[in-house]
Novice: 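If you scroll down you'll find the structure; I have some questions about it.
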Amino acid sequence: MALESLKDIVKKIARSTTVDKALVEEVVRDIQRALLKADVNVRQVKEISDAIKKRALSEDVLPTFNVREHIIRIVYEELMRGIGEGLEIPLKKAKIMLVGLQGSGKTTTAAKLAKYFKDKGMKTGVIAADTWRPAAYEQLKQLAESYGIGFYGEKENKDAVEIARNGLKALKDYDMIIIDTAGRHALEEELIDEMIEIAKATQPDYKLLVLDAAIGQLASRQAKAFHDAIGINGIIITKFDGTAKGGGALSAAREIGIPIAFIGTGEKVEDFERFDPAGFVSRLLG
Ligand code: GDP
């Protein structure tokens, strides 16, 4: 019978008292199936399953661990290989620049991030430097105002670099500044140039890529293109409340070796969480 979820996989291992080849192969097959279904990149699924097979059989079960814990630990470590436990942004003065394709949820995420840091007691402001999507200015302004977040924008100005620069001056007394930037439907040269110029002008401490969980397998290519263009420090996955299990986003993070920082779980500003690797893995396999 095909196993459907991590719970079933765990149950199966739990009945075993020894790690033998047949058990490992069976478990790996189940995990492979789950990862592919969750949109993890095929090449990575192969790498991950080879590593699990090899390690599960060759490494000793730690004295305080049972077989189940031994295998789960390896599965978890292999899935998170190269991207660690998630990006933690310390609560000190910083500038965050958000980048991503149009519709990925950047503007919403700017407000979510701002509220997140405001709730931690920081004086937080946002800069509306998305001059491409006409509604972005009003959207961010309204969200900022309703949550008591500082706002800077210039409605009539199309020069995003200038707005970003002016925004930093206007918000100089703020602890945490979040810069929303324009997206396009694809990563065009003009967009790349603008991102580079905004980054140069604002010197952000973090450049976070906003990725829609629903783009699945396309996530890796998109993340790589953004990373090559401006160098990303972290990823925010949006629309995690949908049906997507986030395997595409995980592949993207592993592909470029960049940690995931936050997860968007709905349209409301409150629907936002720090990335939790354990929860992520159980959803991925579940
Ligand atoms: P931008 O073009 O990247 O600035 O995208 P927006 O912030 O305008 O978001 C595009 C759409 O995605 C809007 O309808 C948002 O409400 C929606 N959205 C953003 N984040 C999430 C999320 O985490 N979950 C869901 N369900 N919708 C989201």
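Start at 1 with the first residue, then count along the sequence. Indexing begins at 1, ligand by ligand and atom by atom, following the structure's order. All of these numbers come straight from a predicted model, not from anything done at the bench. Atom set for the values below is all heavy atoms of this structure, side chains included, hydrogens, waters and symmetry mates excluded.
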Novice: Counting non-hydrogen protein atoms only, what is the nearest one to atom 2 (O) of ligand 1? Give residue, atom name and distance.
Specialist: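 That would be G103 N, 2.7 Å.
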Novice: Report the distance from atom CG of L285 to atom NZ of K37, rounding to the nearest 0.5 Å.
Specialist: 11.0 Å
Novice: Between E267 and ligand 1, is there a nitrogen or oxygen pair with a distance under 3.5 Å?
Specialist: yes
Novice: Does the K207 side chain pair with the main chain of A199, one donor and one acceptor, at a distance under 3.5 Å?
Specialist: no
Novice: What protein heavy atom sits nearest atom 9 (O) of ligand 1, and how far away is it?
Specialist: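 So the nearest neighbour among protein heavy atoms is G105 CA, 3.4 Å.
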Novice: Any N/O of D271 closer than 3.5 Å to an N/O of ligand 1?
Specialist: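 No, D271 has no N/O under 3.5 Å of an N/O on ligand 1.
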Novice: With a 3.5 Å cut-off and no angle check, do the side chains of Q32 and S49 form a donor-acceptor pair?
Specialist: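 Result is yes, a qualifying pair exists.
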Novice: Any non-hydrogen side-chain atom of I163 less than 4.5 Å from a side-chain atom of I127?
Specialist: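 Yes - at least one pair of side-chain heavy atoms lies under 4.5 Å apart.
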Novice: I need the nearest protein heavy-atom contact for atom 7 (O) of ligand 1: residue, atom name and distance, please.
Specialist: T108 OG1, 2.5 Å
Novice: Could you list which atoms of ligand 1 come closer than 4.0 Å to a heavy atom of Q102?
Specialist: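 Reading through ligand 1 atom by atom, the close ones are 2 (O).
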Novice: For residues E156 and Y137, is any side-chain donor paired with an opposing acceptor at under 3.5 Å?
Specialist: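 Judged by distance alone, the side chains do not pair up.
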Novice: Measure the shortest side-chain to side-chain distance between T124 and Y116 over non-hydrogen atoms and say whether it is less than 4.5 angstrom.
Specialist: no
Novice: Do R254 and N41 make a side-chain contact, defined as non-hydrogen atoms from C-beta onward lying under 4.5 Å apart?
Specialist: no
Novice: Any atoms of ligand 1 less than 4.0 Å from a non-hydrogen atom of T265? List them with their elements.
Specialist: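 Taking each heavy atom of T265 in turn, ligand 1 has 23 (O) under 4.0 Å.
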Novice: What protein heavy atom is closest to atom 11 (C) of ligand 1, reported as residue, atom name and distance in Å?
Specialist: K239 NZ, 4.1 Å
Novice: For E47 and R81: C-alpha separation, side-chain torsions, deciding distance, then whether side-chain contact (heavy atoms from CB on, under 4.5 Å) applies.
Specialist: CA-CA 11 Å; E47 275 167 24; R81 177 169 296 280; over 6 Å; no
Novice: Is G183 near ligand 1, meaning one of its heavy atoms is under 4.0 Å from it?
Specialist: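 Distance cut 4.0 Å: G183 fails for ligand 1.
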Novice: So, the side chain of T265 versus the backbone of D241: is there a donor-acceptor pair under 3.5 Å, distance only?
Specialist: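 A pair under 3.5 Å: no.
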Novice: Which ligand 1 atoms does Q139 reach within 4.0 Å, using its non-hydrogen atoms?
Specialist: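 It comes down to these atoms of ligand 1: 6 (P), 7 (O), 8 (O).
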Novice: Within a distance under 4.0 Å of any heavy atom of G264, pick out the atoms of ligand 1 and give their elements.
Specialist: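 Heavy-atom distances to G264 below 4.0 Å select 23 (O).
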Novice: Return yes when at least one protein heavy atom is under 4.0 Å from atom 22 (C) of ligand 1, and no when none is.
Specialist: yes
Novice: Does ligand 1 have a heavy atom under 4.0 Å from the side chain of L101, from its backbone, from both, or from neither?
Specialist: backbone
Novice: Closer than 4.0 angstrom: is that true for some heavy atom of S104 and an atom of ligand 1?
Specialist: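 Yes, S104 has heavy atoms under 4.0 Å from ligand 1.
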Novice: Mind checking whether R184 contacts ligand 1 via backbone (N, CA, C, O), side chain (CB onward), both or neither, at a 4.0 Å heavy-atom cut-off?
Specialist: neither
Novice: Starting from atom 26 (N) of ligand 1, which protein heavy atom do you reach first, and at what distance in Å?
Specialist: D241 OD2, 2.7 Å
Novice: With I236, which of I96, L113, L87 fulfils side-chain contact (heavy atoms from CB on, under 4.5 Å)?
Specialist: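 Single side-chain contact (heavy atoms from CB on, under 4.5 Å) partner of I236 among I96, L113, L87: L113.
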Novice: Looking only at distance, does K106 have an N or O less than 3.5 Å from an N or O of ligand 1?
Specialist: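 N/O-N/O distance under 3.5 Å: yes.
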Novice: Are more than 12 heavy atoms, taken from residues, nucleotides or ligands other than K158, located less than 6.0 Å from that residue's NZ atom?
Specialist: yes
